[in-house]
Number of protein chains: 2
Amino acid sequence: MTIRDIAKAVGVTHTTVSNVINGKTNKVSQETIDKVNKAIKEFGYIPNKNARALANNSSKIIGIIFPEASGNFMQDPFHSQILTGIESVISSNNYYLMVKSIKKYEDIYQLMTNWSVDGFIILSLVGHQLPKLEKFKDVPVVFIDTYYDELKHINVGSNDYQGEFNAASHLLDNGHKSLGFISYPIDYPSVLSMRLKGFKDALNQKNISFNSSENILEIGKFNPNDTRITNKILNFVKNKTGICFSADILAIEVMEFLKNNGYSIPNDISIVGFDNLYLSTLVTPKLTTINQDIVKKGNIAAESLINMIEQHKEEQLNIKISTNLVIRESVRTLL
Amino acid sequence: MTIRDIAKAVGVTHTTVSNVINGKTNKVSQETIDKVNKAIKEFGYIPNKNARALANNSSKIIGIIFPEASGNFMQDPFHSQILTGIESVISSNNYYLMVKSIKKYEDIYQLMTNWSVDGFIILSLVGHQLPKLEKFKDVPVVFIDTYYDELKHINVGSNDYQGEFNAASHLLDNGHKSLGFISYPIDYPSVLSMRLKGFKDALNQKNISFNSSENILEIGKFNPNDTRITNKILNFVKNKTGICFSADILAIEVMEFLKNNGYSIPNDISIVGFDNLYLSTLVTPKLTTINQDIVKKGNIAAESLINMIEQHKEEQLNIKISTNLVIRESVRTLL
DNA sequence: CTGAAAGCGCTTACAG
DNA sequence: CTGAAAGCGCTTACAG
């Protein structure tokens, strides 16, 4: 079933059929339009996407690229939520969503040319790992959670600095004086480094001394059976009353570990996370954390990209979703 | 940059270039092959996907369809894991993954014709909601977690019956006699109905009486503030010592609710989940549950589909991943 | 071993 | 208001 079959059935050229399908109806009589539409309905005709894409040089597909951290790209609830937000906007704008995880950053460049998409969204890329920025000139692309001064593209992120500043301040306001920051390894600049900066500045503001070896602990991947790591944690935590974590998932893993090692939370140590995962309401104690609306982040990224594709104009380059403190049960007030 | 540019540069026809690109080299001299390949490298030429798709009538895209339960299609950790499993296989076979959530089951039929994919994977479809099975005749498709006798397509599932049988048996073996089964609403036949059947048969085997109104509680969506639901739960649980849940996430939500209402788990009531989400190791107490390898399920579904697409032969129709009991801390032994 | 030709299904000037 | 023609970039018999 092609455009020609419809044309034949109606008694016009396939050109005319194409015109009515594409709404170029100023060239077609109402009578013809109606006949064509009726035939299309009747035959259940659907235009061939590939032919259309070839002729238009546009596929109506948007690609999203996930750096494959630690083997499984979707397990992280953060990724699922972003995807949810992106998918709903893309779907309702009649685009399609193609998903791909990549192992090395360089793979992006191949995908860019290789992949016939109208634009793409790149997730959680650390700026300095991305040297050939000029390659992105001709393709509509929006980044999510990338910090990189030279990035002249739309970037949708959260207010990581302010969020972590508030997290640390919450502990300070509750009388805590010896704080620590536990995080996955920190690249510069990145979401994590901005959170660290917020933490640091909160201490500064209260004139509490800070030095990296004393107040920061970086963990590659938490594993309760890896004594090298667990000893580090136990040691780090010993002389502190409150810990900020750069991510809920890490906070929760470590919290469980501490509980199993005789710590009572928040009595012995207070904990603040970051992300406000659903998960954080299900653990004991419920986690005090920084909320960021991840689904909304996905929505905005997708909307921005579609705007770029369709109107070829860039809008605001740096979009920051606000964050807010959610107080639950993992922080104790010190007298 | 097209196939013709390469051809011109090398001094052959575009046909020849196409032939070497597609490995039809029995028709081409080694010398020509080398020259063409060299030119391709040099120019960084990449074939246009849309043109290829049009000429081959094959897009190398696989679509995956998620029924959109409760608004956000990826939030469920189950979905993320399935997607992880599917994506990795698809990627390594040089296919692309297109993702779509649908609101009504009927949307599938439109997608099938509309979407130019080589095949697709349909998730968690309840069989009887799918009346027009003959429509699937001509498209490679594999289902995941669909129970439907008339389904003459590959279906990848878990051994839900045996899993829940083992879950209930675990409680019985620990001396529990008054058991309940709490589940999301149960369709027939479905993953949940099979789990219920396993539960029921486990009771039967031990000659413990069962009746639906007494031993089953269905919950649409758990919400701790909806007293209609919470009262039902409190009431249901009152005269029981052990509860099987049809899903970890529900088990965990209800467990938190019970803890907040003065229940001590597992002292007052024992709980067994289903799924073995990562989450179930992070709650207190850690959840005893039935493990199913969801990522593997995704792997197998993708492999089966690719086999169908490339070799046009169906294989084993019903593939069941095995399940196993994971004993943690949420079940107490009754004396 | 190589190339001229037709075709995949659509879109888009352009002529009438 | 309608249609003949060329083109999007590739593939695939088929002739030589």
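Lettering follows sequence order; numbering is per chain, from 1. Worth knowing before you read on, the calculation uses all heavy atoms, side chains too, and leaves out hydrogens, waters and symmetry mates.
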Residues in salt bridge (Lys or Arg N to Asp or Glu O under 4.0 Å) contact with B:D293, at least two apart in sequence or another chain: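 If we apply the salt bridge (Lys or Arg N to Asp or Glu O under 4.0 Å) test to B:D293, skipping adjacent residues, there are no hits.
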
Contacts of B:K104 that satisfy salt bridge (Lys or Arg N to Asp or Glu O under 4.0 Å) - sequence neighbours left out: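 B:K104: salt bridge (Lys or Arg N to Asp or Glu O under 4.0 Å) contacts with B:D107.
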
Nearest-angstrom distance from the residue atom [atom1] of [X] to [atom2] of [N]:
X: B:N48; N: D:dG9; atom1: CG; atom2: C1'; answer: 6 Å
X: B:K49; N: D:dG9; atom1: NZ; atom2: C1'; answer: 13 Å
X: B:N57; N: C:dG9; atom1: CG; atom2: P; answer: 7 Å
X: A:N50; N: C:dT11; atom1: CG; atom2: C1'; answer: 15 Å
X: B:I21; N: D:dC10; atom1: CD1; atom2: C1'; answer: 9 Å
X: A:E31; N: D:dT2; atom1: CD; atom2: P; answer: 8 Å
X: A:I46; N: C:dG9; atom1: CD1; atom2: P; answer: 15 Å
X: A:L54; N: D:dG9; atom1: CG; atom2: C1'; answer: 6 Å

Selection: residues 1-11 of chain B, any non-hydrogen atom under 4.0 Å of DNA chain C: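 Result for residues 1-11 of chain B: none.
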
A:T16 vs D:dG3: side-chain N/O to OP1/OP2 distance below 4.0 Å: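 For D:dG3, OP1 or OP2 has a side-chain N or O of A:T16 closer than 4.0 Å.
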
Under 4.0 angstrom between B:Y45 side-chain N/O and D:dC10 OP1 or OP2: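 Affirmative; the distance criterion is met.
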
Partners meeting side chain to side chain contact (heavy atoms under 4.5 Å, CB included) with A:T15 (sequence neighbours left out):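 Residues passing side chain to side chain contact (heavy atoms under 4.5 Å, CB included) with A:T15: A:T13, A:N19.
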
With [X], which residues qualify under side-chain hydrogen bond (donor to acceptor under 3.5 Å, both in side chains), at least two apart?
X: B:Q30; answer: B:D34
X: A:Y45; answer: none
X: B:S18; answer: B:N22
X: B:D118; answer: B:S58, B:S59

Would you mind writing out the side-chain donor-acceptor pairs for residues 1-11 of chain B within the sub-3.5 Å range, not counting sequence neighbours?
unit_1 : atom_1 : unit_2 : atom_2 : d
B:T2   : OG1    : B:R4   : N      : 3.0
B:D5   : OD2    : B:T2   : N      : 2.7

Pairing string, 5' to 3', for DNA chain D - Watson-Crick or wobble contacts under 3.5 Å, brackets [ ] where pairs cross, | to another strand: |||.||||||||.|||

Earlier contact from the 5' end, DNA chain C, for B:A51 and B:Q30: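 So the residue in question is B:Q30.
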
All ring-ring contact (aromatic ring centres under 6.0 Å, His included) counterparts of A:F120, not counting sequence neighbours: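 Result, ring-ring contact (aromatic ring centres under 6.0 Å, His included) vs A:F120: none returned.
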
With the criterion being N/O to N/O and under 3.5 Å, what pairs connect the protein with nucleotides 12-16 of chain C, and how long is each?
unit_1 : atom_1 : unit_2 : atom_2 : d
C:dT12 : OP2    : A:K24  : NZ     : 3.1
C:dT12 : O4     : A:T15  : OG1    : 3.4
C:dC14 : N4     : A:K27  : NZ     : 3.4

